Amino acid sequence: RTMGAAGPQLGQLKNGQDITLADGGVVKATDVVSPPQQGRSFAVLQDCYDASGAAHGCQGVDVLIHECTFEEGLHELALKKGHSTSKMAAQFAESVRCKRLVLTHF
């Protein structure tokens, strides 16, 4: 915008197209637009003892934030209360091949 581009011209620049301004000046897309960057993905799973329904949406996420109320020794209590253990969360994270697992409980 500071170079005089407006409206649809901004979209053309974002798409890698050079534009000609009303005064005849040319703005090169490579001078004003950075190369595309890969986005990051994350998923948040709370109060779930069975996260299998979310597996498809969690495949390969960069960060998986997963509820973990109990340690594995309290597995039966976790199931009874509808929560996960740390081991359950880790196994799910491994199954969906997330890059990083964050354990939490609110």
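Excluded from the calculations below are hydrogen atoms, water molecules and symmetry mates; all remaining heavy atoms, backbone and side chain alike, are included. None of these values were measured; they are calculated from a predicted model.
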So C68 and K87, do their side chains get closer than 4.5 Å, heavy atoms only? no
Please table the atom pairs, donor to acceptor, closer than 3.5 Å between any side-chain atom in residues 7-29 and protein atoms at least two apart or in another chain.
| unit_1 | atom_1 | unit_2 | atom_2 | d |
| --- | --- | --- | --- | --- |
| Q9 | OE1 | A6 | N | 3.1 |
| Q9 | NE2 | T20 | O | 3.4 |
| N15 | ND2 | G11 | O | 3.2 |
| D18 | OD1 | A29 | N | 2.8 |
| D23 | OD1 | G25 | N | 2.8 |

S84 side, atom OG; H66 side, atom NE2 - distance, nearest 0.5 Å: 4.0 Å
Whichever hydrophobic residues join L103 through chains of side-chain contacts under 4.5 Å: L45, V61, L64, F92, V96, L101
T30 meets the side-chain hydrogen bond (donor to acceptor under 3.5 Å, both in side chains) criterion, sequence neighbours left out, with none
Is there side-chain contact between F70 and M88, with at least one heavy-atom pair below 4.5 Å? no
Salt bridge (charged side-chain N to carboxylate O under 4.0 Å, His left out): pairs with one or both residues in residues 94-106, sequence neighbours excluded: D62-K99
At what distance, to the nearest 0.5 angstrom, does CG of L79 lie from CG of L74? 11.0 Å
If you round to the nearest 0.5 Å, how far is CD1 of I65 from CD of Q46? 8.0 Å
Going by side-chain hydrogen bond (donor to acceptor under 3.5 Å, both in side chains), name the residues that satisfy it together with T69, two or more places apart in sequence or in a different chain. E67, H83, H105
We want to know whether E71 and S86 form a side-chain donor-acceptor pair, criterion being a heavy-atom distance below 3.5 angstrom. no
Residue pairs involving residues 12-61 (criterion ring-ring contact (aromatic ring centres under 6.0 Å, His included); sequence neighbours excluded): none
